[in-house]
Amino acid sequence: MDVHITLQEGRGNLAAQVYRQLMDAILDGRLRSGERLPPTRELARRLDISRNTVALAYDRLVADGFLVGRAGAGTFVSAAPVRGRAAPKGVIRPRAPWADLSPPPQVPPAPYDFRVGMPDPRLFPMQTWRRLVARELRAGTGGYADPAGHPALREAISRHIGLSRSVHAGPGDVLITNGAQQALDLIGRVLIEPGACVAVEEPGYWPARLLFRSLGARVATVPVDAEGIDVAAIPGAARVVYVTPSHQFPLGTPMSPARRAALLAWAERRRAVVIEDDYDSEFRFGERPLAPLQSLDRAGRVIYVGSFSKTLLPMLRLGFLVAPASLAPALRTARQLSDWHGELPAQAALARFIDEGLLARHIRKATREYAARHAPIAEALAADERLRPVPSSAGLHLCARFAPGVSFEPVPGLAVERLEAYCAEGAPQAGLVLGYGGITRELVPEGLRRLRRSLRVPAAPGPPAAVT
């Protein structure tokens, strides 16, 4: 065997490095079919490592079909080594509407990153989280569990949202989900029949809109003004209304008390359901927010959805919903049929994180940092006559509409999202949505300078040509 193997500390365990380099040599033809590999003792001596390490790499290559062992002869490259192959093209087609569901293109990251929905991972207490998760892994039983979620987390969430958001919920009313998106999916499975009308905000959260379409719903977009969703414009046929009243997404305005009362009255008259997505109102830079719809609801028509993707990290996939008792059994069954339950060690770790006061401490720290980013961005948007900022004092993003005639051509190094990406019907609304979770405080000034250079105004017409 002429293949040269180089082992490096800190690049994974040694057996994995030997496995990867031998596999690459087989796939690119440097080790040919039928070629004999050196005995494990000899290769271990060459590499100055344990024979068991080489044997472990050989065993894995045999199990994966790259090598074959012959008693008394040695270990050889397989006559037909496993290679990556494309799946057949096939003739199967997805049912409607999956064939034409296409999310808008995502904005790639950049040094000056104003993308939306990105909390700053540097603010998250990762060492503490590792300790809590490791503790739960050591104590875990490994069996199946309640689809509604870890009991301690359900209890911790009910206390937390009762104190911080005035949500009326006991532990039995809370169902743990893999983020808010799964919560919406479970609600849709239980409530939305094919062809049913679901009303959503316009502009609004496109993943929810596409999810409801995927479930066979007829999605009706309803305009949003300075007070929130226009209740008078909700179609009479709608049986589900999805709203973000605490911090409208993406505009950022809260729903007014009068509009909240009107929406609840509408739902009662129409016997409809209101899904209240409270996705990032934990971060507040002004006065306390208005009470959620769920706490104002007396008829049991509001389902409250929350998430830790913004307060902690999106990768943790931890969210929850609070539903009226009449829906709880069906939602629990839907969760069990979907994926049974989430990752229990992470759920138990989050329960301790909340109970030990670590979540409240993290939110206070993160809020101070985000406020320091929010302020200069809000001031810069207000000072630019080419923009019409939408007032907002919560969350992780700000929105600004363009003044008439203004266009946007991003300069290199700038990542920012357009308001039109969140519009579904009619003339798209021209503007920008700027997140500040992914950009550090030090980079905000230069990011704003690049943003200003990206705004374009048509040149004023010159004087009329002289007539000769």
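Along the sequence shown, residues are numbered consecutively beginning with 1.
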Set of residues satisfying salt bridge (charged side-chain N to carboxylate O under 4.0 Å, His left out) with respect to Arg298, sequence neighbours excluded | none
Is any side-chain N of the basic residue among Arg260 and Asp297 closer than 4.0 Å to the acidic one's carboxylate O?
-> no
Where the side chain of His397 meets the backbone of Gly117, is there a donor-acceptor pair that is under 3.5 Å apart?
-> no
Interatomic spacing from CG in Leu448 to CG in Asp384 - rounded to 0.5 Å | 10.0 Å
Please name the pair of heavy atoms, one in Asn178 and one in Gly342, separated by the smallest distance, quoted to 0.1 Å.
-> OD1-CA, 4.0 Å
With a 4.5 Å limit on heavy-atom distance, are the side chains of Leu359 and Leu312 in contact?
-> yes
Is there a donor-acceptor pair closer than 3.5 Å between any side-chain N or O of Ser214 and the backbone N or O of Leu211?
-> yes
Test Ile303 against every option in Leu191, Leu293, Leu186 by the side-chain contact (heavy atoms from CB on, under 4.5 Å) rule and name the one that passes.
-> Leu191
Heavy-atom pair with the smallest gap, counting every atom of Arg20 and Met23 = NH1-CE, 2.5 Å
pair Tyr112-Thr440: side-chain heavy atoms closer than 4.5 Å = no
How long is the span from the CG atom in Leu153 to the CG atom in Leu350, to the nearest 0.5 Å?
-> 5.0 Å
Given the rule in the side-chain contact (heavy atoms from CB on, under 4.5 Å) test, do Arg213 and Leu101 qualify, once you have shown the distances and angles that lead to the verdict?
-> CA-CA 8 Å; Arg213 282 188 57 200; Leu101 280 180; 3.7 Å; yes
Do Ser246 and Arg165 have side-chain N/O donor and acceptor atoms under 3.5 Å apart?
-> yes
Tell me whether the guanidinium CZ or amine NZ of Arg60 lies under 6.0 angstrom from the six-membered ring centre of Tyr19 and within 45° of its axis.
-> yes
Can you tell if the side chain of Phe402 reaches within under 4.5 Å of the side chain of Leu387, non-hydrogen atoms only?
-> yes
Backbone of Pro314 reached by a side-chain donor or acceptor of Arg317 within 3.5 Å = yes
Flag, side chain of Gln347 to backbone of His150, donor-acceptor distance under 3.5 Å = yes
Heavy-atom donor-acceptor pair, Arg456 side chain to Phe408 backbone, under 3.5 Å = no
Could you tell me whether the side chains of His247 and Ser392 share a donor-acceptor contact shorter than 3.5 Å?
-> yes
Consider only side-chain N and O atoms of Arg284 and Ser393, and report whether a donor and an acceptor are under 3.5 Å apart.
-> no
Residue pair Leu313, Leu318: steps toward the side-chain contact (heavy atoms from CB on, under 4.5 Å) verdict | CA-CA 9 Å; Leu313 291 175; Leu318 287 166; over 6 Å; no
Quick one: are Asp225 and Thr253 in side-chain contact, heavy atoms under 4.5 Å?
-> no
For the side chain of Glu343 and the backbone of Ala346, is there at least one donor-acceptor N/O pair under 3.5 Å apart?
-> no
Is the Phe320 ring parallel, tilted or perpendicular to the Tyr304 ring (thresholds 30°, 60°)?
-> tilted
With rounding to the nearest 0.5 Å, note down the distance linking CG in Leu443 to CG in Asp113.
-> 10.0 Å
Give me the one residue out of Leu414, Val107, Leu432 that meets side-chain contact (heavy atoms from CB on, under 4.5 Å) with Phe114.
-> Leu414
On a heavy-atom basis, the closest approach of Pro250 and Leu419 is CG-CD1, 3.6 Å
Rounded to the nearest 0.5 Å, how far does CG of Leu263 lie from CD of Glu268?
-> 12.0 Å
Is Glu276 reaching over with its side chain to a backbone N or O of Val274, donor-acceptor style, under 3.5 angstrom?
-> no
Anything under 30° is parallel, anything over 60° is perpendicular, the rest tilted; go ahead and classify His374 against Phe285.
-> tilted
For the salt bridge (Lys or Arg N to Asp or Glu O under 4.0 Å) test, which of Arg373, Arg115, Lys310, Arg441 pairs with Asp120?
-> Arg373
Sub-4.5 Å side-chain heavy-atom contact between Val273 and Arg239 = no
For Leu175 and Thr177, run side-chain contact (heavy atoms from CB on, under 4.5 Å): C-alpha distance rounded to whole Å, both residues' side-chain angles, the deciding distance at 0.1 Å, then the answer.
-> CA-CA 7 Å; Leu175 187 147; Thr177 63; 3.6 Å; yes
Closest heavy-atom pair and its distance - Leu184, Phe212 | O-CE2, 4.3 Å
Where the side chain of Glu417 meets the backbone of Val116, is there a donor-acceptor pair that is under 3.5 Å apart?
-> yes
What do the steps show when you test Met255 against Glu227 for side-chain contact (heavy atoms from CB on, under 4.5 Å), and what is the final call?
-> CA-CA 5 Å; Met255 187 182 293; Glu227 293 191 73; over 6 Å; no
Going from NZ on Lys365 to CD1 on Ile363, what distance comes out if it is rounded to the nearest 0.5 angstrom?
-> 13.5 Å
pair Val305-Asp278: side-chain heavy atoms closer than 4.5 Å = no
Roughly how far, to the nearest 0.5 Å, is the NE2 atom of His160 from the CD1 atom of Ile354?
-> 6.0 Å
Between Trp340 (side chain) and Ala145 (backbone), is there a donor-acceptor pair under 3.5 Å?
-> yes
Examine the side chains of His341 and Asp146 and answer whether a donor and an acceptor come within less than 3.5 Å of each other.
-> no
Arg159 and Glu155 ion-paired at < 4.0 Å | yes
Between Trp206 and Pro103, which heavy-atom pair has the shortest distance, and what is it?
-> CZ3-CB, 3.4 Å
Heavy-atom side-chain contact between Arg189 and Leu337 under 4.5 Å | no
Under 3.5 Å side-chain donor-acceptor pair for Glu201 and Thr221 | no
Kindly assign one of parallel, tilted or perpendicular to the pair Trp129 and Phe353, based on the angle between their ring planes and the thresholds 30° and 60°.
-> perpendicular
Val241 side chain near Val198 side chain, heavy-atom distance below 4.5 Å = no
Examine Tyr205 together with Tyr422 and report whether their ring centres are nearer than 6.0 Å.
-> no
Around atom CZ of Arg361, are there more than 12 heavy atoms of other residues, nucleotides or ligands at under 6.0 Å?
-> no
Search all heavy atoms of Ala366 against all heavy atoms of Phe283 and return the closest pair with its distance.
-> CB-CE2, 3.7 Å
Hey, is the main chain of Arg259 close enough, under 3.5 Å, to the side chain of Ser256 for a donor-acceptor pair?
-> yes
